[in-house]
Amino acid sequence: MNLTEKITNDIKAAMMAKDQPKLLALRAIKAELLLLKTAKESSDEISEESSLKLLQKLVKQRKDSAAIYKQQNREDLYKQEEFEAYIIEAYLPKLMSEEEVSEIIKKIISETGANSIKDMGKIMGIASKQLAGKADNKIVADKVKSLLSI
């Protein structure tokens with residue numbers, strides 16, 4: 001079952017349970033998936049990689065909005081954004097730990113022979129492809145910087 005079908009089934013379940021906050025988050029995901037599917041350069045099916053990137057983008061948007069609402073003392077909107085981020089994160093695979101990310105980056109560095117911070121772009125390109133959807137890019141970038149500056 002692909003992500004779109006899973007979201008559709010979960011929307012039906014949320015409607016039957018009359019769970020409005022969850023329904024709102026699920027409908028937001030479905031709307032973005034439909035936009036992605038109908039984009040000009042897109043084919044009929046959405047790849048798993050594209051759907052993972054979309055979900056990560058939606059979570060980041062929700063968390064950024066939540067941080068802004070928190071600063072402005074809008075607790076109601078903050079809670080709503082945090083809840084939506086939580087619901088969306090449930091459809092993402094479990095992220096790798098920092099130790100696992102560090103091991104993969106060490107392997108990439110040894111394979112490419114990178115030895116200075118000048119090689120960061122090359123390492124990040126390879127690491128981003130290997131760790132797409134499995135690790136937060138900010139953590140990856142921080143690990144690459146720390147390992148290349150040693």
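Position 1 is the first residue of the sequence; numbering continues from there. Both backbone and side-chain heavy atoms feed into the values below; hydrogens, waters and symmetry mates do not.
Hydrophobic clustering, defined by side-chain heavy atoms of Ile, Leu, Val, Met, Phe, Trp and Tyr closer than 4.5 Å, leaves Leu35 isolated from every other such residue.
Minimum interatomic distance between Ala135 and Val140 (heavy atoms only, all atoms of both residues): CB-CG2, 4.0 Å. The shortest heavy-atom contact between Ile108 and Ala127 is CD1-CA, 3.8 Å. Closest approach of Ala85 to Val59, counting heavy atoms only: O-CG2, 4.0 Å. Between Leu33 and Ser51, the shortest heavy-atom contact is CD2-CB, 4.4 Å. Taking every heavy atom of both residues into account, Ser97 and Glu100 meet most closely at N-OE1, 2.8 Å. Pairing each heavy atom of Lys22 with each of Phe83, the nearest pair is N-CE2, 3.6 Å.
Atom CG of Leu55 sits about 5.5 Å away from atom CG of Leu3, to the nearest 0.5 Å. Rounding to the nearest 0.5 Å gives a distance of 12.0 Å between CD1 of Ile104 and CD1 of Ile109. In this structure, CG in Leu95 is found 7.0 Å from CD in Gln56, a value given to the nearest 0.5 Å. With rounding to the nearest 0.5 Å, the separation of CD1 in Ile105 from CD in Gln130 is 9.5 Å. Remark: Asp76 CG to Glu81 CD distance equals 10.5 Å, nearest 0.5 Å. With values rounded to the nearest 0.5 angstrom, Arg74 atom CZ is found 12.5 Å from Ser65 atom OG.
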Please test Asp119 against Thr112 for side-chain contact (heavy atoms from CB on, under 4.5 Å), starting from the C-alpha separation and ending with a verdict. CA-CA 9 Å; Asp119 298 320; Thr112 59; over 6 Å; no
With side-chain contact (heavy atoms from CB on, under 4.5 Å) as the criterion, how do Lys30 and Leu26 come out once you've worked through the C-alpha distance, each side chain's angles and the decisive distance to 0.1 Å? CA-CA 6 Å; Lys30 180 142 186 187; Leu26 293 171; over 6 Å; no
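The pair Lys60-Asp64 counts as a salt bridge, with a side-chain nitrogen and a carboxylate oxygen less than 4.0 angstrom apart.
When hydrophobic clusters are built by joining Ile, Leu, Val, Met, Phe, Trp and Tyr residues whose side-chain heavy atoms come closer than 4.5 Å, directly or via intermediates, Leu54 is grouped together with Tyr86. Grouping the Ile, Leu, Val, Met, Phe, Trp and Tyr side chains by contacts below 4.5 angstrom, directly or via other members, places Ile68 apart from Leu77. A single hydrophobic cluster is not seen to contain both Ile7 and Leu34; linkage of ILVMFWY side chains at heavy-atom distances under 4.5 Å, directly or through other members, places them apart. Taken together through direct or relayed side-chain contacts under 4.5 Å among Ile, Leu, Val, Met, Phe, Trp and Tyr, Ile87 and Leu52 form part of one hydrophobic cluster. Linking Ile, Leu, Val, Met, Phe, Trp and Tyr whenever their side-chain heavy atoms come within less than 4.5 Å leaves Ile88 and Tyr78 in two separate clusters.
Checked by atom type and distance alone, the side chain of Ser128 never pairs as donor or acceptor with a backbone atom of Gly125 at under 3.5 Å. A distance-only check finds no donor-acceptor pair linking the side chain of Ser102 to the backbone of Glu98 [under 3.5 Å].
Looking at heavy atoms from C-beta onward, Glu84 lies in side-chain contact with Gln80 at the 4.5 angstrom threshold.
Not a single salt bridge (Lys or Arg N to Asp or Glu O under 4.0 Å) links Arg27 to another residue, sequence neighbours left out.
Screening Arg62, Lys94, Lys63 against Glu89 for a side chain to side chain donor-acceptor pair (under 3.5 Å) leaves a single residue, Lys63.
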